[in-house]
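As C-alpha cells, the structure follows; a few thoughts come after it.
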Amino acid sequence: MSGGDNLAHPEDYFEIRPNPAPVSDAERAALLANPGFGRIFSDHMVTIRYADGKGWYEPRVEARAPIPMDPATAVLHYAQEIFEGLKAYTMPDGGVAMFRPDANAARFGESARRMAMPALPEATFLESLRQIITIDRQWIPQTEDGSLYLRPFAYASEVFLGVRPAMEYLYLVIASPVGPYFAGGVKPVTVWVTPDYTRAAPGGTGAAKCGGNYAAGLSAQAEAIEHGCEQVVYLDAVERRYVDELGGMNVVFVMDDGSLVTPPLTGTILPGITRDSIIKLAHRAGRRVEERAVSFDEWRDGAASGRIREVFACGTAAVITPIGAVRSQEGEFRVADGGAGEVTMGLRQELVDIQRGRAEDPFGWVHRVL
Ligand code: PLP
Ligand code: COI
C-alpha cells in the first residue's frame, strides 16, 4: 500500500500548537525524580492523519490529550495497530540524541506492511520524533539510567465494522520519561517457560510490532508473574522445543568459549534493534556470534554442564538484563551462579556508553537531535 508522498519535506509541514497548560517546573521535577517505566508522560504528542486517496495529512504537535473514539472505530474490534519504542538520551555536552531511529522507522514500515496498513514515509517518522523531543526536551530525566522513551504508533481510525484493511488511520507519538524497565534495575531476572502458550507461528505476526502480539501474550505473562518470574519465555509454536524470545525482549546465550548464540530471525520473533546492535558490536570485537535455534533442553543441559555461561535479555526497555534463573513445569535451574555475568555486563556497558555519547560511535548509530 502506498503511504502517500504529500509530506516530502516534513520539517516544513508540522503545525505546532503548544500546550497552553504544561506541567509546572516543580511538578515535573518531582515526577522525574522517580519515573518508573511508562507511568508518566510529557506535555505534547504528535498526530498525523491518513485517508485512502489523500495520503498522510495534518501533521501536528499538540497538547497530549485523550483521543475521542467512536465505538465502531475499527482498531477497537480488529486490532489493526502497530507501534515502536526507542529512547532519547541527554549527551555529555547537554545535547540530545536518539539511538538508531532509522532502524525503528524501517521496522515500523515492515510492521505496517504485515498489518495491511499504509507505511508512513520514514523521513516523516524521523521528523515526528525530532519534533516531540524538541518541544518536550525538559522531560528527559537527567539521572544515570534515565531516558525519554518515545512511543510512535498507528491504528485503524475508520468507523466501520466490516473486516478489511481500514481506509483511515491515525499516527501518534507520545513520550514517557523512564528509568529501568525492571524494578530491580540490572539485577538478574527469573524467567518462566510457559508450557501452555505460544507467541507466534510461522506465517503469523511474530516479526511485526503489533499490539495484538502483546494482547495474546498477556495470559502467559500473568502465568509468569504467578510463578514469581519477571518475564515469560516462549518456545516455538511448531515443535515446542526451541527458544523464540521473551514477552518483550530477545534472548542471547553466552557460551563457555565466549561466543554468543541467539535465535535466528525466521519470522516468528521480533527483529530487535538491541539484538542487532549486540551482534554488530560482538563481531567488531572479534567475538563469534551464531544465529541458530537453541532448544530448551540445550539451555537446561548447557547451564548444568557449564557450556552456557551466561544468558541475557535485550531490548530497548530492558537494555541488557541478565537472566539468573529459569523456571518451568520441570522445576528451576540457575545459569552459572545466578548472578550478572561478566560478558553480559561488559556488553551492556559498551552499548550504554555508545547510546549516551560516552564512547566512540563506530557504526553511526547515534542520531543527534539537539
Ligand atoms: N522482542 C519483543 C517481543 C519486544 O517487544 C522487544 C522490544 O521492543 C524486543 C524483542 C526488542 O526489540 P528492540 O531491541 O528493538 O527494542
Ligand atoms: C520496548 O523495549 O520498546 C518494548 O516495546 C518492550 C516492552 C516490554 C516495553
Side-chain angles (χ1 to χ4, degrees), residues 35-41 81-89 98-111 114 125 129 145 147-154 173-183 189 191 194 197-200 204-218 220-222 224-225 229-237 243-252 262-282 291 312-321 323 347-348 351-352 354-355 365 367:
F37 188 94
R39 282 192 298 113
I40 61 173
F41 301 95
E81 188 267 357
I82 55 171
F83 67 98
E84 269 303 326
L86 72 161
K87 287 173 171 173
Y89 307 89
M98 291 184 275
F99 184 69
R100 304 191 68 183
D102 46 333
N104 294 92
R107 190 171 64 188
F108 197 61
E110 289 302 315
S111 297
R114 179 62 185 85
F125 179 93
L129 302 175
D145 49 14
S147 59
L148 189 63
Y149 183 77
L150 305 166
R151 173 54 66 89
F153 62 107
V173 188
I174 54 174
S176 175
V178 298
Y181 184 74
F182 293 111
V189 294
V191 294
T194 175
Y197 302 105
T198 59
R199 178 178 177 277
T205 57
K209 207 160 164 63
C210 59
N213 284 343
Y214 298 79
L218 294 176
Q221 179 63 23
I225 291 166
C229 298
E230 281 92 346
Q231 275 280 304
V232 58
V233 177
Y234 291 105
L235 301 181
D236 77 283
V243 177
D244 264 352
E245 62 179 326
L246 307 188
M249 291 135 219
N250 293 116
V251 55
V252 179
T262 192
L265 303 179
T266 57
T268 61
I269 68 172
L270 194 78
I273 294 159
T274 317
R275 173 190 180 280
D276 181 73
S277 305
I278 290 163
I279 291 173
K280 292 195 162 89
L281 287 173
E291 294 178 68
F312 61 84
C314 63
T316 298
V319 193
I320 290 181
T321 302
I323 297 176
L347 283 167
R348 182 187 163 96
L351 180 66
V352 168
I354 296 173
Q355 289 171 331
W365 286 338
H367 183 105

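Numbering of ligands and ligand atoms starts at 1, following listing order.
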May I have a table of the N/O to N/O pairs between ligand 1 and the protein that fall below 3.5 Å, each row giving the two atom names and the distance to 0.1 Å?
unit_1: ligand 1; atom_1: 1 (N); unit_2: E245; atom_2: OE1; d: 2.6
unit_1: ligand 1; atom_1: 5 (O); unit_2: K209; atom_2: NZ; d: 3.3
unit_1: ligand 1; atom_1: 5 (O); unit_2: Y214; atom_2: OH; d: 2.4
unit_1: ligand 1; atom_1: 8 (O); unit_2: K209; atom_2: NZ; d: 2.8
unit_1: ligand 1; atom_1: 14 (O); unit_2: I273; atom_2: N; d: 3.2
unit_1: ligand 1; atom_1: 14 (O); unit_2: T274; atom_2: N; d: 2.8
unit_1: ligand 1; atom_1: 14 (O); unit_2: T274; atom_2: OG1; d: 2.5
unit_1: ligand 1; atom_1: 15 (O); unit_2: R107; atom_2: NH1; d: 2.8
unit_1: ligand 1; atom_1: 15 (O); unit_2: R107; atom_2: NH2; d: 3.2
unit_1: ligand 1; atom_1: 15 (O); unit_2: I273; atom_2: N; d: 2.7
unit_1: ligand 1; atom_1: 16 (O); unit_2: T316; atom_2: N; d: 2.8
unit_1: ligand 1; atom_1: 16 (O); unit_2: T316; atom_2: OG1; d: 2.6

Heavy atoms, side chains only, cut-off 4.5 Å: are [X] and [Y] in contact?
{"X": "D102", "Y": "H367", "answer": "no"}
{"X": "F125", "Y": "V173", "answer": "no"}
{"X": "T274", "Y": "L351", "answer": "yes"}
{"X": "M98", "Y": "N104", "answer": "no"}
{"X": "F312", "Y": "L347", "answer": "yes"}
{"X": "F83", "Y": "R151", "answer": "yes"}

Rounded to the nearest 0.5 Å, what's the gap from [atom1] on [X] to [atom2] on [Y]? Could you check?
{"X": "L235", "Y": "E245", "atom1": "CG", "atom2": "CD", "result": "12.0 Å"}
{"X": "T321", "Y": "E230", "atom1": "OG1", "atom2": "CD", "result": "9.5 Å"}
{"X": "L270", "Y": "S111", "atom1": "CG", "atom2": "OG", "result": "7.0 Å"}

Atom pairs, nitrogen or oxygen, ligand 2 to protein, under 3.5 angstrom:
unit_1: ligand 2; atom_1: 2 (O); unit_2: A317; atom_2: N; d: 2.8
unit_1: ligand 2; atom_1: 3 (O); unit_2: Y149; atom_2: OH; d: 2.6
unit_1: ligand 2; atom_1: 5 (O); unit_2: Y149; atom_2: OH; d: 3.4
unit_1: ligand 2; atom_1: 5 (O); unit_2: K209; atom_2: NZ; d: 2.8

